[in-house]
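Working notes, beginning with the structure itself.
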Amino acid sequence: MTEKGGALFGYTDLYGGYDGGQAEYARVPYADYGPRKVPDNLTDEQVLFLTDIFPTGYSGIDWAGVKGGEVVAIFGAGPVGVMAAKSAWLRGASRVIIVDTQQYRLNQARQTANAETILWENNKQVVDEIRSMSKGYGADVCVEAVGFEPDRGLLDRAKSVINLEKGSDKVLLACMSAVRRGGFVSVLGVYSSPFDNFPIHQFFDKGIIMQGGQAPAHKHIDKLLQHVANGDVRLDDIISHRLPLSEAPHGYDIFRNKKDNCTKVVLKP
Amino acid sequence: MKALRIHGMRDVRVDNVDDPEIQDSRDAIIRVTSTAICGSDLHIYNGSIPQPRPMTLGHEFMGIVEEVGKGVKNLKRGDRVVCPSPLPAGTACSATTTCRATAKTLTPSTTAPKAT
C-alpha cells in the first residue's frame, strides 16, 4: 500500500480502481471532502479545468516558489503546459517560454498563454535558446509537462530498446540542462518506470532542486476558483473540440494523434 | 447510462453500464454536465499504463449533485460542483504525516480498499 499514491478517478486499478467521469453519472467517494460548489454565473467551461490541469500546472509553479521576476521555461505546450504558463504569469514571472515539437501548439500557446515559444529540434538547440534568453544562466524554473511518452525519433526509440526502458526521459534531461545552477525543475509529466543513466552528476553539480508527482489539487482549488471568478485568468480558451459523449472515441483518436489541431477535448454527456 | 470505457490498447468504447449507486455514507452521485479528456488518459489509451478490465475513464468532470450519502453534509441535491481529480480521504485519512506534508494527495489510504 505504501508503494502507491492516493487514488484518482478513472485511472486504472493501480490508482484505486474507481470509475471515472466520462459518463452520464459518476459516483464520487469522499464527497464530504472533494467537490467544490461553483457560482452560477460561471459556465462549465470556465471552471471545468479546476478539476486537474489548472491546479496541476499551478503546482509546478508553486513547488518552485515563484514569487516574481523569474524566467520560467515550460516543456510541453499541451493543456498542462499552458496552464503552467498562465500560473507563472499569475505568480509574477518576468518571462514565460514554452517549448514543443508541434508548431500548432506553440501558435496556440502564444495566444492563450502569452508565452514566447521555441520549436523543439533537439536538446542542444533548445537549451542554447533558453540560455540566450536568460543572460546565459539558464531558466530559473523549468517545468516538465510532457512525461515519458514524448514525440520521438527512431534513434531515441532504438536507445530505449537497448536499455530495456519504457518510453523516454529526454524531456526531463532537457529541463535539467536548461535550468540555471541552483534552479528548480518541476516534473508534472507522468513517469511510470525507471531510467538508467539518469544524470545524477548534473543534479549534484548544478545543485538542482526537483519536485514532481500527482499535484495536490485540493490545496489550490479554492484560491484558483477565486482567480477565475475575479477574471484574473481564463481557462476555457484552450478548448479546441467540443463533442457529445457518444463521440468520445473519436476525441481520443484526434487528441492522441494530434489531428485537426486538437489541443483539448470537452465531452458533453 | 452511457460511459466511455477502456477495453484495451487504443480501444475505448461508449458502453451501456449500470447507473452508479451510493455505496458509502460519504459518497455522492453526480450527473455529469461536462468532462474532458486529459493527456494523462492517453497513457492508459496507449496501453503504457495498462488497465486489464473495462473501466470508465475520466478524472476531469463536473456536474449536478443527484444524491448524497448520509455522511455528506456539505452538499445537497441540485448543487453544481467541480470534482478534483485526486481522491484523498480527507479528514478520515490515517496517514497523518504524509497528509500534512503533501496536502493529502500522496496518501495511500484510498488506493487499495473499496475498488469497485
Side-chain angles (χ1 to χ4, degrees), chain A residues 1-2 4-13 15-38 44 47-48 50-53 78-80 149 190 192 213-214 216-219 221 245-246 248-249 251-252 255-256 264-269, chain B residues 1-4 12-14 19-20 24 26-40 42-46 48-49 51 55-62 68 71-72 74-75 79-90 102-108 110-112 115-116:
Chain A
M1 201 155 114
T2 53
K4 294 175 183 171
L8 291 163
F9 284 103
Y11 214 76
T12 78
D13 288 333
Y15 288 93
Y18 297 94
D19 279 324
Q22 289 165 7
E24 291 179 301
Y25 294 89
R27 172 188 162 227
V28 177
Y30 310 111
D32 55 337
Y33 182 71
R36 298 300 200 271
K37 289 184 220 177
V38 289
D44 275 21
V47 295
L48 178 60
L50 289 162
T51 54
D52 179 14
I53 55 175
V80 168
E149 296 190 284
V190 172
S192 67
Q214 189 182 312
H218 297 71
K219 180 178 177 181
I221 187 168
L245 179 65
S246 59
Y252 272 82
F255 187 37
R256 178 192 182 272
K264 188 70 178 175
V265 180
V266 171
L267 303 169
K268 298 285 183 179
Chain B
M1 68 161 185
K2 290 189 165 37
L4 183 286
V12 289
R13 304 175 206 165
V14 178
D19 287 356
D24 183 278
R26 297 179 68 193
D27 286 357
I29 303 297
I30 308 286
R31 177 170 59 82
V32 179
T33 54
S34 292
T35 176
I37 305 174
C38 182
S40 58
L42 297 181
H43 299 306
I44 306 172
Y45 182 68
N46 290 338
S48 306
I49 300 179
Q51 170 54 28
M55 172 185 272
T56 303
L57 300 183
H59 55 267
E60 300 180 355
F61 64 95
M62 63 180 296
V68 294
V72 180
N74 54 320
L75 300 176
D79 283 344
R80 181 164 167 259
V81 294
V82 291
C83 301
S85 58
L87 267 172
T102 63
K104 307 184 192 303
T105 314
L106 298 178
T107 61
T110 58
T111 313
T116 53

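This structure is a prediction, so every number in the text was calculated from the model and none was measured.
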- Item | Residue pair A:Asp52 / B:Pro86, side-chain heavy-atom distance below 4.5 Å | no

- Item | Test item: A:Asp44 and B:Arg80 side chains (from C-beta on) under 4.5 Å apart, heavy atoms | yes

- Sub-3.5 Å donor-acceptor pair from the side chain of A:Gln22 to the main-chain atoms of B:Ala36, do we have one? yes

- Would you call A:Asp13 and B:Met55 a side-chain contact if the rule is heavy atoms closer than 4.5 Å? yes

- Would you name the heavy atoms of A:Ile53 and B:Cys38 that are closest together and state the gap between them? CG2-SG, 4.3 Å

- Note on the structure: Counting heavy-atom pairs under 4.5 Å with chain A, the top scorer among B:Val32, B:Val81, B:Asn74, B:Val14 is B:Val32

- Task: Identify the two heavy atoms, one from A:Ala248 and one from B:Leu4, that lie closest to each other, and give their separation to 0.1 Å.
- Result: CB-CD2, 3.6 Å

- Query: Is any side-chain heavy atom of A:Tyr252 less than 4.5 Å from a side-chain heavy atom of B:Leu42?
  - Reply: yes

- Message: Quick check: do A:Lys37 and B:Leu75 have side-chain heavy atoms less than 4.5 Å from each other?
- Response: yes

- For chain A, which of B:Val12, B:Asn46, B:Asp19 has the most heavy-atom pairs under 4.5 Å? B:Asn46

- Query: Among A:Gly78, A:Pro35, A:Ala26, which has the most heavy-atom pairs under 4.5 Å with chain B?
  - Reply: A:Ala26

- Check ring-ring contact (aromatic ring centres under 6.0 Å, His included) between A:Phe255 and all other residues, then give those that pass, not counting sequence neighbours. none

- Note on the structure: When rounded to the nearest 0.5 Å, the distance separating CG of A:Asp32 from CZ of B:Arg26 is 4.0 Å

- Item | B:Pro84 and A:Thr51, any side-chain heavy atoms less than 4.5 Å apart | no

- Message: Is A:Ile221 close to chain B through its backbone or its side chain, or both, or neither, when contacts mean heavy atoms under 4.5 Å?
- Response: side chain

- Atom group of B:Asp79 that falls short of 4.5 Å from chain A, counting heavy atoms: side chain

- Query: Where does A:Pro29 contact chain B at under 4.5 Å (heavy atoms): side chain, backbone, both or neither?
  - Reply: both

- Find out whether A:Ser192 and B:His43 are in side-chain contact, i.e. whether some heavy atom of one side chain is under 4.5 Å from a heavy atom of the other. no

- If you look at every heavy atom in B:Leu87 and A:Leu8, which pair is closest and at what distance? CD1-C, 4.3 Å

- Query: If you tally heavy-atom pairs under 4.5 Å against chain A, which of B:Ile30, B:Val68, B:Thr33, B:Val72 wins?
  - Reply: B:Ile30

- Message: Give me the atom names and distance for the closest heavy-atom approach of A:Gly21 to B:Phe61.
- Response: CA-CD2, 3.5 Å

- How are the rings of B:His59 and A:Tyr11 set relative to one another: parallel (under 30°), tilted (30 to 60°) or perpendicular (over 60°)? perpendicular

- Item | Listed partners of B:Glu60 passing side chain to side chain donor-acceptor pair (under 3.5 Å), at least two apart | A:Lys264

- Query: Is A:Val190 close to B:Ile49 at the side-chain level, that is, under 4.5 Å between some pair of heavy atoms?
  - Reply: yes

- Exercise: identify the closest heavy-atom pair between B:Ser34 and A:Val266: CB-CG1, 4.5 Å

- Return the minimal non-hydrogen interatomic distance between B:Thr56 and A:Ala23, and the atom names on each side. CG2-CB, 4.0 Å

